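These numbers come from a predicted model, not from an experiment.
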Amino acid sequence: MSKAFTKEDDLTPEVVVPQRPKAPPPETPPIEQLRGEGKARLGARVKLSDPDGHQAEYRLVTPDQADPTHGAVSVESPLGRALLGKSAGEEVTVERPRGPLEYTIEGVYF
């Protein structure tokens, strides 16, 4: 019988893989700074009005948290992309399949 089929070589030490250090969480500006900045970003609530005077409020969230029926809009959606970085008083145009729609940002809240 060849040495390849003997049990003597089965006594190899277990392989130990060292754990990687976890990356620190991304630094997020304090809420006071975000409020002072007043720009729409992830986590912000944005109040909008359309030319007909209808108002709506949305919270900008990650795609996996999106729930438009409850006011949570993904930052990757057409509306979310149009709102990012904008401040109160600015007008935004949202490109939709039915055609563009313009909104005025009434307020940004954190």
- If you look only at pairs with a residue in residues 53-65, which of them pass as a salt bridge (Lys or Arg N to Asp or Glu O under 4.0 Å), with sequence neighbours excluded? R45-E57
- Item | Under 3.5 Å donor-acceptor, D52 side chain and H54 backbone | no
- Item | Contact list for residues 86-110, test salt bridge (Lys or Arg N to Asp or Glu O under 4.0 Å), sequence neighbours left out | none
- Query: Do L48 and T104 have side-chain heavy atoms sitting under 4.5 Å apart?
  - Reply: no
- Query: How far apart are the closest heavy atoms of V108 and A88, and which atoms are they?
  - Reply: CG2-N, 4.2 Å
- Side-chain contact, heavy-atom cut-off 4.5 Å: L83 with L60? yes
- Query: How long is the span from the CG atom in D50 to the CG atom in L101, to the nearest 0.5 Å?
  - Reply: 6.0 Å
- Can you tell me which residue pairs pass the side-chain hydrogen bond (donor to acceptor under 3.5 Å, both in side chains) test with a partner in residues 68-79, sequence neighbours excluded? D67-T69, D67-H70
- Do the non-hydrogen side-chain atoms of V73 and V61 ever get within less than 4.5 Å of each other? no
- Task: For residues V46 and A40, report the shortest heavy-atom separation together with the two atoms involved.
- Result: CG2-CB, 3.8 Å
- So do Y103 and L79 actually touch side chain to side chain, heavy atoms under 4.5 Å? yes
- Query: Can you find a pair of side-chain heavy atoms, one from R41 and one from F110, that are under 4.5 Å apart?
  - Reply: yes
